[in-house]
Amino acid sequence: MITIRLPDGSTRSFENPVTVAQVAANIGAGLMRAALAGRVDGQLVDLSTAIDRDVDLAIITDKDEEGLDIVRHSTAHLLAHAVKELFPEAQVTIGPVIENGFFYDFSYKRPFTPEDLELIEKRMAEISKKDFAVTREVMGRDEAVAYFKGLGEAYKAEIIESIPASETLSLYRQGEFVDLCRGPHVPSTGKLKVFKLTHVAGAYWRGDSKNEMLTRVYGTAWTKKEDQEAYLFRLEEAEKRDHRRLGKQLDLFHIQDEAPGMVFWHPKGWALWQAVEQYMRQVYRDNGYQEIRCPQILDRSLWEKSGHWENFQKNMFTTESESRDFAIKPMNCPGHVQVFNQGIRSYRELPIRYGEFGSCHRNEPSGSLHGVMRVRGFTQDDGHIFCTEDQIQSEVLSFIQLLQKVYKDFGFEDIQYKLATRPQQRVGSDEIWDKAESALRNALESTGVAFAVLPGEGAFYGPKIEFHLRDSIGRTWQCGTIQADFSMPGRLGAEYVAEDNSKQVPVMLHRAILGSLERFIGILIEHYAGALPVWLAPVQAVVATITSNQVEYAEKLVNTLKEKGFRVNADLRNEKINYKIRAHSMDKVPYQIIVGDKEVSSHTVSVRGRGDKDLGVMTQEALFTLLQQES
RNA sequence: GCCCAUGUAGCUCAGUGGUAGAGCACUCCCUUGGUAAGGGAGAGGUCACCAGUUCAAUCCUGGUCAUGGGCUCCA
């Protein structure tokens with residue numbers, strides 16, 4: 001007698017071993033039709049899996065998250081199946097599930113084209129329609145290697161060879177197509193109805209840039225057509241808020257061929273930048289940082305000492321003068337250490353906190369550049385805290401609290417915390433690492449936030465905390481970081497006189513809240529879809545006249561507003577008010593101040609908020625208060 | 001850096017082996033209009049750059065640069 005317990009706590013008994021599918025059918029025909037896989041004692045299995053003992057069983061359907069993953073995984077197989085039918089010479093490699101879909105990498109004599117994609121997608125639909133059963137077979141490792149070699153699938157054979165010889169492997173067969181796979185899979189190809197191939201790209205075999213480039217086909221797959229449509233709609237919406245598109249549309253910045261990876265900030269973009277920078281400058285002032293400024297170009301010897309010349313020479317812009325080599329700084333810390341090194345430091349001065357809006361240049365690979373998000377010339381809200389080991393924890397704690405406040409002010413409430421611990425390659429004793437990691441960990445724990453640990457992801461000189469923020473459409477961006485560094489201060493000769501009159505090397509905490517200002521502004525633009533809050537908006541209000549009769553009144557009002565520190569423009573053009581309102585609405589200006597004869601005679605303004613909000617007629621004083629509140 | 005795609009007016013995009021097209025924006029004229037596009041006219045391009053094929057290249061071929069989607073990388 002086998003007793004099977006279902007998620008609702010009920011049980012069913014069977015005389016003989018049964019398959020998951022049979023249990024589903026036993027529960028109901030509807031469930032059987034919807035069933036994609038099962039979960040037996042927490043393990044995902046195929047519907048065909050036999051149960052010969054007492055277990056907990058859940059039937060996975062398209063309503064479960066796991067069901068969606070299984071559909072995507074099986075759709076990747078469907079893709080490979082179609083490719084093998086259309087291009088028999090193509091070799092299959094791997095095809096995992098990713099966020100919103102899947103991909104499959106192929107090796108073929110030429111890359112697939114968008115036209116190929118159409119053909120493949122069509123063939124996938126045909127195979128789905130034929131509703132092939134997807135069956136599982138088991139094979140020994142060596143047998144599997146021989147099998148795939150026999151099929152001419154060298155990559156698959158290579159993957160299997162890296163699996164221990166003792167393992168048994170599962171193969172999935174649908175029609176003529178067989179693939180190595182852990183599974184589980186949908187019971188038949190007919191379950192795969194909602195999918196779309198999206199694009200092709202190159203990808204290195206096994207993710208190593210020394211290896212050959214494969215053709216990767218990306219696709220999306222869903223259990224319901226509406227879900228896919230909603231996803232495609234979300235993609236379109238994301239495209240509309242792309243900072244490159246909005247940067248052009250709102251006249252914020254541009255990038256041109258002569259300066260790849262460097263940004264030309266236009267007046268409006270620079271106004272936004274300045275709003276961000278001035279805010280952060282105040283944050284420095286209010287939190288015990290001293291703002292400094294260091295040279296852009298420093299002698300090679302300094303970069304040799306810091307270790308950058310050795311590790312990152314290829315990625316540094318260099319220049320030469322009178323037989324001396326210089327590098328344009330790729331980071332600010334060596335400069336900050338030079339400032340620290342002037343004079344003799346006492347333990348009484350620590351912690352010393354330096355902040356800089358440091359302009360850095362890194363010669364990033366051309367293929368990695370991306371709008372203002374990944375550039376070669378960037379500016380960080382970079383700060384370095386020189387402190388003793390005992391001060392690390394309290395410094396980290398107050399930094400985290402500061403960062404939370406800053407993100408909140410910019411409109412980001414959802415932050416993810418990650419602690420990256422010691423990597424294989426590192427400097428410093430285990431004792432110091434223990435101390436540094438526990439200091440960061442304790443600081444995180446004392447704030448009460450949940451955090452993930454990324455083992456081995458720390459920098460070579462110390463552990464770090466990464467701060468990821470979630471934007472309004474659910475994407476996460478790593479912006480802030482704080483890193484404990486036990487290496488560079490010593491390499492660059494930083495020291496202080498301790499209480500016992502001994503010379504000690506300070507610990508340096510590298511920290512940034514926004515990270516690259518270029519990138520952070522890009523994130524702000526996308527987060528707000530260009531409709532920035534008043535305090536950040538390049539143009540906070542436009543005063544628009546109904547007719548030329550109000551020009552004088554409007555100009556005077558604009559001047560008054562400017563004197564009060566607001567960023568305001570006048571629109572005195574000989575155009576109808578509808579035309580003006582449309583233009584400024586598309587420019588996402590927070591407030592449009594309409595003045596006609598009525599307003600002139602009553603010394604008032606008619607205010608229209610962004611998003612067609614009619615705020616009615618108010619006095620000029622009420623307008624000042626309104627703007628003041630949001631600035 | 002690697003793979004693929006793309007590069008035409010300020011912007012968004014059509015198009016063709018034989019003197020280059022639209023909409024919006026811009027300039028001028030008419031219009032003075034009350035909450036998301038009034039009307040008319042005009043100006044605007046070495047079709048990314050460099051070679052090659054051709055009687056003729058924006059179009060075909062090759063190269064370079066840049067951008068986009070990925071991969072790799074990100075101190």
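Numbers restart at 1 for each chain; the letters A, B, ... are given by sequence-line order, proteins then strands.
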Base, sugar-phosphate, or nothing for [X], non-hydrogen atoms under 4.0 angstrom?
| X | result |
| --- | --- |
| A:S606 | base |
| A:H308 | base |
| A:L214 | nothing |
| A:Y579 | sugar-phosphate |
| A:Y218 | sugar-phosphate |
| A:S209 | sugar-phosphate |
| A:F112 | nothing |
| A:H584 | nothing |

Report task. Please determine, by modelled atom types, if A:W303 and A:S301 share a side-chain donor-acceptor pair under 3.5 angstrom. Result -> no
Got a donor-acceptor pair under 3.5 Å from the side chain of [X] to the base of [N]?
| X | N | answer |
| --- | --- | --- |
| A:Y204 | B:rG70 | no |
| A:R374 | B:rC73 | yes |
| A:E599 | B:rG34 | yes |
| A:S585 | B:rU35 | no |

Query - 5'-most by nearest nucleotide on RNA chain B - A:A583 or A:T113 - result: A:T113
Query - Heavy-atom pair of closest approach, residues A:S487 and A:V427 - result: CB-CG2, 3.6 Å
**Report entry** Nearest heavy-atom neighbours spanning A:V92 and A:K156
**Finding:** CG2-CG, 3.8 Å
Report the distance from atom [atom1] of [X] to atom [atom2] of [N], rounded to the nearest whole Å.
| X | N | atom1 | atom2 | answer |
| --- | --- | --- | --- | --- |
| A:E258 | B:rU67 | CD | P | 11 Å |
| A:E466 | B:rA75 | CD | C1' | 13 Å |
| A:R245 | B:rG68 | CZ | C1' | 14 Å |

Query raised in the report: Would you say A:C479 and A:L514 make side-chain contact, with heavy atoms under 4.5 Å?
Result: no
**Report entry** Opposite nucleotide pairing with B:rA51, Watson-Crick or G-U, both atom distances under 3.5 Å
**Finding:** B:rU61
**Report entry** G-U wobble or Watson-Crick pairing nucleotide for B:rA66 (cut-off 3.5 Å, both distances)
**Finding:** B:rU6
Requested in this report: Give, for atom CG of A:L532 and atom NZ of A:K588, the distance between the pair rounded to the nearest 0.5 Å.
Outcome: 9.5 Å
